[in-house]
Each structure stands twice: as structure tokens, then as C-alpha cells.
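One structure is given here, and the rest of the page talks about it.
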Amino acid sequence: MNVKKKAIKNGGKSMLMTNRDLINTLDFSIEEQESILSIAQKIILRPVDFANSLNGKIMGSLFFEPSTRTRLSFEAAMHRLGGAVIGFSEQNASSVSKGESLRDTIQTVAQYSDVIVMRHPKEGAPVFASKYSEVPIINAGDGGREHPTQTLTDILTIRSKMGKLNNLTIGLCGDLKFGRTVHSLVKNISRYPNINFIFVSPKELEIPDYIKNYLNENQIEYKEMENLEEAIQHMDVLYMTRVQKERFFNEEDYIRLKDSYILDTLKMKLAKKNMIILHPLPRVNEISYDVDSDPRAMYFKQTKYGMVVRMALLYKILHQESFKQL
Ligand code: CP
């Protein structure tokens, strides 16, 4: 019996972070999340200290949906920690194309690897996979629902660039209905003190009711606006998102809504001097290329933090000594 199965037998959750799943953005407590962010800061300062920490470990990388940043940053993270990677980047390259079930695919890859990172178009696929996996499952995005490791990336970027994770007005703009990175970030970062939100979207792409209910229940303030020029002046962080073409049932609706918001240098003149711009990427047309040279544009730095925080996460989940002080 491996450690994950023992943890399940002992009541479903290990008290340590080794061998834990990360399916939902709230799976780790604030204290546990802080310990990941703290390891990430140590990796930024002295990556050499971690270079061989996952020697002999193997990560299964199962991407049933396209990805550039999440897949490659997880793979780079594992290599930088001395581990190895197996997997596929599209389901047609696996026996899923012959009709193999997700359950059988997961049970098989769990025999070969120490952790499985998976992205899947179906909401809830990672929680289903976790029931059949003997090794930890990390959700790398499930449909329009959650993307918890993007949230760790976003939070590390905000902390590094703003110097704090409290007393912030965070604006989120674009497709707030289908944008899974938005759903995970709002739920997670609202746990820090005095965070409030401005949601900027067309009516048809507004933030789902279940997120609003969550904020109401936790007495977190938010406003919904449609005009980015008005809203941007009040923000400390602006989180831009693309309209998620792949989640629309009707192409006409996508074409009508896709350019609802384009952040350009004129709009940036209205923003605070120390506001930062984040974007989970990929960008389609919602941030003009001219904005890239603005010192407030952090979205490419954010991609680097994505690799670093995934190194910290893999280290915490797979390194048996991870609770020892470095
Ligand atoms: N941010 C993000 O999830 O990007 P990819 O789809 O390229 O992984």
C-alpha cells in the first residue's frame, strides 16, 4: 500500500503535503499554500539547492486538451528538480483514441509514475481520476471549472510584484463565465485580508452565481461593471482574460463577444502608476502588443513564476523531507 492509500484509509487527508492531490484551489489551507510560496521564493534565490531533489521520481503528464504554459512549465519544473517526465500532449497520441476509459488510463499511468498532472476538457475529470490513482493527481485545468496551479502562479506573481497579498482591489476583465483561472483565483485570494474585486465583463460572460454566492457568504466586497475605462482607475491588479472560444456552443456568439475588451496604451494612462497587469495567457487580441513594454505588464514574468511555483509544488508533494527547514 502506498502512502496515498494509507492517507485515504486514515480519513481521506494526509496531514503532510507529501502524496496529496491538488484538485480544487481550496484543497490546501492558507498555511500550506504559504509553505509552497516560501519554497518558491527559496527556489528563485538559490535554485541550485533544489537541483537534484526529485532524482529518480517520474511525473506523468496527461494533457487531454491543448496547453503551452502549463504543460511545458510542469515538465521544465520536473527536469529542473532532477526528475523525469512521461506522458502525452494530446489524447490522439494515447490509447484513449482506441476507446480506453479515463479510469483505465489513470490506473495504468499510476503504475509508471509518482505523480500525475492532468488537463481534461470535462469538469470533474481530475476528481474522478483521483479515485482510481495510487499516486497524487494535480489538476492542470478541467473544462471551465478550476485551474489551481495557475492560481498559485498568479498569487506568487502578485506577492512578488506588489509586496503583499492584502488590502488590494483586484480587477478581472473579459470572459469571467468560462475562465477557469478566474474562478480559482477569486476563491483562493479572497482568503487573504481586505481583498475586494471589480468584475468587468459583458452581461453574457459575467462571473457565475456560485462564485458570487461564495463571496457573499464570506462577506467579500465586489462590484460588477461593463466599462473598463471607468473601472481601471480603481484597480491595484488588472487580470485580463481571453474569451474562451472552445467553450462556446455557437460561433456567432463568440465572434460578437471576442473583442469586447482590448487593453491598449490609452486605457493604461487611466490606471494607477503601480497597478500590475496579469494574464494567464494565451492572449488572443485582448492586450495590445504596445502594452508589453509598459513596466506594469507582468504577464511574461508570470509565466516564469508558473514554472517556479510548480517546482515548489512538486517538491512539496514528492519530497519526503520537504518539511525540514532548508
Ligand atoms: N495559462 C494556461 O493555462 O496556459 P496554457 O493553456 O498554455 O497551459
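Residue numbers count from 1 along this sequence. Just so you know, ligand 1 is whichever comes first in the structure, and atom 1 is the first atom listed for that ligand.
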_For atom 6 (O) of ligand 1, what's the nearest protein heavy-atom neighbour? Residue, atom name and distance, please._
Arg119 NH1, 2.9 Å
_Face-on cation placement of Arg310 at Phe74 ring, 6.0 Å and 45° thresholds_ = yes
*asked:* Does ligand 1 come near enough to Pro66 that some N or O of the ligand is less than 3.5 Å from an N or O of the residue?
replied: no
*Answer yes or no: is there an ion pair linking Lys212 with Glu206, defined by an N-O contact shorter than 4.0 Å?*
yes
*asked:* For Tyr305, does the six-membered ring have the charged nitrogen or CZ of Arg159 within the cation-pi criterion, i.e. under 6.0 angstrom from the centroid and within 45° of the normal?
replied: no
*By number and element, which atoms of ligand 1 are closer than 4.0 Å to a non-hydrogen atom of Thr70?*
2 (C), 3 (O), 4 (O), 5 (P), 8 (O)
*Atoms of ligand 1, numbered as shown, that sit under 4.0 Å from any heavy atom of Thr68*: 5 (P), 7 (O), 8 (O)
*asked:* Taking 4.0 Å as the limit for heavy-atom contacts, which would you say applies to Thr181 with ligand 1: side chain only, backbone only, both, or neither?
replied: neither
*What residue and heavy atom of the protein are closest to atom 1 (N) of ligand 1, and at what distance?*
Pro280 O, 2.8 Å
_For ligand 1, which is the ligand I care about here, please tell me if Arg71 has any N or O atom under 3.5 Å from one of the ligand's N or O atoms._
no
*Going by distance only, is there an N or O of Leu281 that falls short of 3.5 Å from an N or O of ligand 1?*
yes
*Any Lys/Arg nitrogen of Arg283 or Asp292 sitting under 4.0 Å from an Asp/Glu carboxylate oxygen of the other?*
yes
*Charged N to carboxylate O below 4.0 Å: is that the case for Arg180 and Asp142?*
no
_Subset of ligand 1 atoms that lie under 4.0 Å from at least one heavy atom of Gln150_ = 1 (N), 2 (C)
_Working to the nearest 0.5 angstrom, can you tell me the gap between Lys301 NZ and Thr157 OG1?_
9.5 Å
